[in-house]
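Below: one structure, written as structure tokens.
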Amino acid sequence: MTDAFQPNLDFTAAEQVDEREAFVVDLEGYEGPLHVLLALARTQKVDLLKLSITRLAEQYLAFVHEARRRNFSLAADYLVMASWLAYLKSRLLLPRTDKKDEEPPAEEMAAALAFRLQKLEAMRKAVETITSRPRLKRDVFTRGDPEATVIVPSDRIDASLYELMAAYVTQRRREGQRQYNPGQRVEAFGLEAARDWLRDILPRLEQWTPLEQVAPAHSGTEGPTQSSFTASTLSASLELVKEGAMDVKQAEAFAELYLKRRGRGQPLELMP
Amino acid sequence: MIQFAPDHGEIERRVEALLFAAAGPLSAAEIGRRLPEGADVGGAISALRERYQGRGVELECVADRWRFRTAADLGFLMTEEREEPRRLSKAALETLAIIAYHQPCTRAEIESVRGVSLSRGTLDLLLEMGFVKLKGRRRTPGRPVTYATADKFLEHFSLASLYDLPGVQEMKAAGLLDLSIPVGFEVPDPSRAGDDDDAPLLEGADDAPEFAQDFVAED
Amino acid sequence: MIQFAPDHGEIERRVEALLFAAAGPLSAAEIGRRLPEGADVGGAISALRERYQGRGVELECVADRWRFRTAADLGFLMTEEREEPRRLSKAALETLAIIAYHQPCTRAEIESVRGVSLSRGTLDLLLEMGFVKLKGRRRTPGRPVTYATADKFLEHFSLASLYDLPGVQEMKAAGLLDLSIPVGFEVPDPSRAGDDDDAPLLEGADDAPEFAQDFVAED
């Protein structure tokens with residue numbers, strides 16, 4: 001059965017055979033089993049729906065055989081397709097049993113395969129027709145120099161879901177890198193903690209105390225830096241000032257800052 | 001400046017000026033918004049289209065919007081303006097075509113038409129180029145995301161709308177754009193085999209290459 | 001394609017196309033260089049000038065160079081203000097993405113993901129565009145305002161609900177998470193942000209229902 005076709009797959013024979021009939025085993029040229037099947041089906045030169053599936057199966061199996069003989073490492077999907085086609089072919093050739101079968105009739109499966117090939121072929125043709133259309137910036141050109149005051153279609157915002165996704169992932173990646181890099185890690189004295197710290201020592205702040213003395217002291221190499229302690233303590237103290245729990249004063253810009261608990265009924269002290 | 005009740009000719013002039021000045025295609029509504037109430041934008045566009053017919057510059061409809069562009073047969077003159085097109089691989093073009101003709105469709109459906117799994121980079125290139133967009137989710141189990149073409153696809157290939165895709169009516173009539181697989185039809189789909197319990201089958205095939213040869217040998 | 005001895009009409013077409021597609025004004029010599037030897041550029045320009053006389057677009061000469069421009073009396077059509085930006089800035093898009101996936105979230109949380117402080121205009125712009133809305137206040141010290149996406153966000157991105165936002169699977173499928181998925185990378189599902197699992201924390205929520213939803217146990 002395969003005799004009629006087999007020579008075409010043979011490389012030595014292929015050289016003597018008419019180019020159009022030669023079917024050279026070149027896996028690189030194919031995307032997958034369906035693409036190979038489509039190429040094979042074309043050699044039958046019939047309407048894809050009237051395709052001889054048995055013949056197609058033979059051709060494909062011969063193709064796989066040849067490819068393997070030539071030491072191509074065949075992808076699993078080629079082999080899966082081969083076994084399925086062999087199975088389909090055997091079912092098509094065997095006399096039909098009337099036994100209640102769970103599977104659909106082989107003819108139906110064959111027709112469906114032909115349909116799939118037809119569909120792929122249609123898409124192939126579509127690619128050809130679409131790409132032969134006049135293409136922007138290759139065949140047709142829009143205004144090279146639109147007027148300075150461009151009319152911007154105002155009801156459109158150019159942002160696709162893809163861009164949104166991409167923007168999200170980029171940032172999360174950045175975030176991951178930031179957190180992963182220990183060298184860049186800056187441990188800060190949290191505002192929360194600063195507030196708690198202040199509330200704790202507030203009762204003791206009866207006198208004007210410099211900010212530096214109020215802020216927790218940096219110890220060892222671990223933990224937040226002294227400037228973080230100072231900055232957070234200042235921020236937290238301003239909140240407490242706003243709440244009316246304490247006062248703050250500074251003689252002039254860059255001068256020492258003093259903090260003090262606000263006494264009940266005590267008038268706001270003027271700056272010295 | 002004629003501000004009140006401009007006649008047809010004046011409306012046509014204004015539409016012409018707007019389309020010329022615009023950086024991108026404009027819809028009739030977008031044009032109309034800049035014209036006096038009740039202006040016959042459609043009529044003006046038809047008149048302009050006729051006027052520019054066969055000229056070096058033509059008026060065309062892309063993605064339901066209008067734009068002036070150079071005549072297709074004069075592309076060879078624009079050596080300086082031409083941009084080296086980003087070459088799309090065969091796989092990318094096929095994927096684009098499948099999405100264009102079947103939209104909205106899922107990744108699995110694209111893979112099922114092509115019979116191979118989509119390699120990395122194929123879809124994201126199309127997405128990045130703005131030819132394809134995420135459309136929504138299929139209301140089926142797993143709620144897969146669906147893809148559709150974006151306006152830029154139509155603009156790039158000078159298509160007025162999706163109805164103008166070459167051969168779309170014929171394909172539809174022939175039932176070729178149906179994504180539902182015929183009842184009981186199961187071609188092994190390796191692209192999806194990895195995702196479920198078919199995985200052992202694949203491993204088996206890899207480990208035992210004789211597997212297929214056996215069938216061939218028996219022939 | 002007429003390559004040999006194109007007639008006057010054809011030369012005129014070509015000059016028209018060249019002037020239209022050029023990024024700046026062209027001199028007669030520059031045009032002539034792209035036309036067949038001996039083509040009457042001057043004649044073509046005169047003919048075009050006459051053809052466009054009184055139209056919405058005119059051919060004008062500046063410093064011995066030629067260009068198309070919209071008729072001077074139609075300038076008023078072009079001075080329209082932009083109503084909305086055409087493209088979202090990178091910062092705006094990134095901010096929108098974080099709000100979409102992490103909503104409701106506070107300004108500080110957005111900044112913590114982005115690693116940079118948020119400029120005032122970014123959030124305002126998103127609010128103004130209706131993509132984002134104020135959601136409530138976090139019940140943490142300082143009671144920071146939380147942000148969430150508004151309906152217009154769903155509309156613009158054609159999403160039926162927040163449940164339809166692409167998740168990790170789609171990000172992978174789009175090739176965005178190909179190589180180095182950060183350890184522990186998870187994309188929150190914003191559609192579940194509203195789940196009221198924190199029942200004990202609902203006290204006092206009567207007057208401000210959003211607060212409860214926004215609450216995140218920080219300890």
Side-chain angles (χ1 to χ4, degrees), chain A residues 1-2 31-35 58 61-62 64-65 68 74 76-84 86 103-104 108-109 111-113 115-116 118-120 122-127 129-131 133-144 146-147 149-155 160-162 165, chain B residues 18 20-24 26-27 30 34 67-70 72 75 78 81-83 85 90-91 93-94 97-98 100-101 113-116 127-128 130 133-134 150 155-159 165-167 171 176 181-185 187-188 190-191 193 201-202 205-206 209 211-213 215-216 219:
Chain A
M1 279 190 290
T2 49
E31 286 255 20
L34 268 191
H35 291 81
E58 279 157 22
L61 295 177
V64 166
H65 183 64
R68 292 181 52 74
L74 265 191
D77 43 0
Y78 282 84
L79 301 178
V80 172
M81 180 61 88
S83 63
W84 185 80
E103 283 179 292
E108 226 170 76
M109 291 164 78
L113 174 61
F115 174 78
R116 267 186 88 162
Q118 223 192 350
K119 196 174 178 64
L120 186 59
M123 289 302 109
R124 278 271 162 103
K125 287 209 177 111
V127 166
T129 44
I130 287 176
T131 50
R133 291 188 63 80
R135 256 200 263 189
L136 193 62
K137 285 176 179 164
R138 188 192 72 179
D139 309 304
V140 297
F141 299 83
T142 50
R143 183 88 189 269
E147 315 273 312
T149 46
V150 176
I151 303 291
V152 178
S154 58
D155 57 348
S160 69
L161 209 45
Y162 175 72
M165 246 162 61
Chain B
L18 283 168
F20 236 81
L26 296 177
S27 70
E30 282 159 353
R34 291 166 177 87
R67 74 171 176 206
F68 277 116
R69 59 145 173 84
T70 58
M78 318 299 160
E81 288 76 20
R82 187 166 305 140
E83 272 177 17
K90 212 166 130 193
L93 282 170
E94 236 172 68
I98 293 168
Y101 285 83
V113 172
R114 302 190 63 233
V116 266
L127 285 161
E128 205 187 299
K133 64 183 179 195
L134 294 154
E155 285 171 23
H156 188 83
F157 292 103
S158 294
L159 291 161
L165 278 172
M171 287 187 212
L176 279 173
I181 299 162
V183 191
F185 177 61
V187 163
S191 61
L201 177 66
L202 274 179
D206 274 340
F211 174 64
Q213 202 149 26
F215 286 102
V216 180
D219 240 35

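Letters go in sequence order (proteins before strands), and every chain restarts at 1. Both backbone and side-chain heavy atoms feed into the values below; hydrogens, waters and symmetry mates do not.
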Exercise. Which one, A100(B), A91(B), G167(B), leads in non-hydrogen pairs under 4.5 Å with chain A?
Worked result: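 Most heavy-atom pairs within the cutoff with chain A belong to A91(B).
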Exercise. Looking at K133(B), M171(B), M78(B), which has the largest count of heavy-atom pairs under 4.5 Å with chain A?
Worked result: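 With the most close heavy-atom pairs to chain A, the winner is M78(B).
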Problem set entry | Interface moiety of Y101(B) toward chain A, non-hydrogen atoms closer than 4.5 Å |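 Contact with chain A is through the side chain of Y101(B) alone.
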Exercise. Between R114(B) and chain A, which part of the residue has a heavy atom less than 4.5 Å away: side chain, backbone, both or neither?
Worked result: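 Both parts, heavy atoms under 4.5 Å.
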For this session: Would you mind telling me which of G32(A), P134(A), A122(A) has the largest number of heavy-atom pairs within less than 4.5 Å of chain B?
Result: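 Of the candidates given, the most pairs with chain B belong to P134(A).
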What distance do [X] atom [atom1] and [Y] atom [atom2] have between them, rounded to the nearest 0.5 Å?
X	Y	atom1	atom2	answer
M81(A)	Y78(A)	CE	OH	10.0 Å
L120(A)	R124(A)	CG	CZ	5.5 Å
F157(B)	T129(A)	CZ	OG1	10.5 Å
I130(A)	L159(B)	CD1	CG	7.0 Å

Exercise. For the residue pair L34(A) and V113(B), what are the closest heavy atoms and their distance?
Worked result: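 L34(A) and V113(B) have their closest heavy atoms at CD1-O, 3.5 Å.
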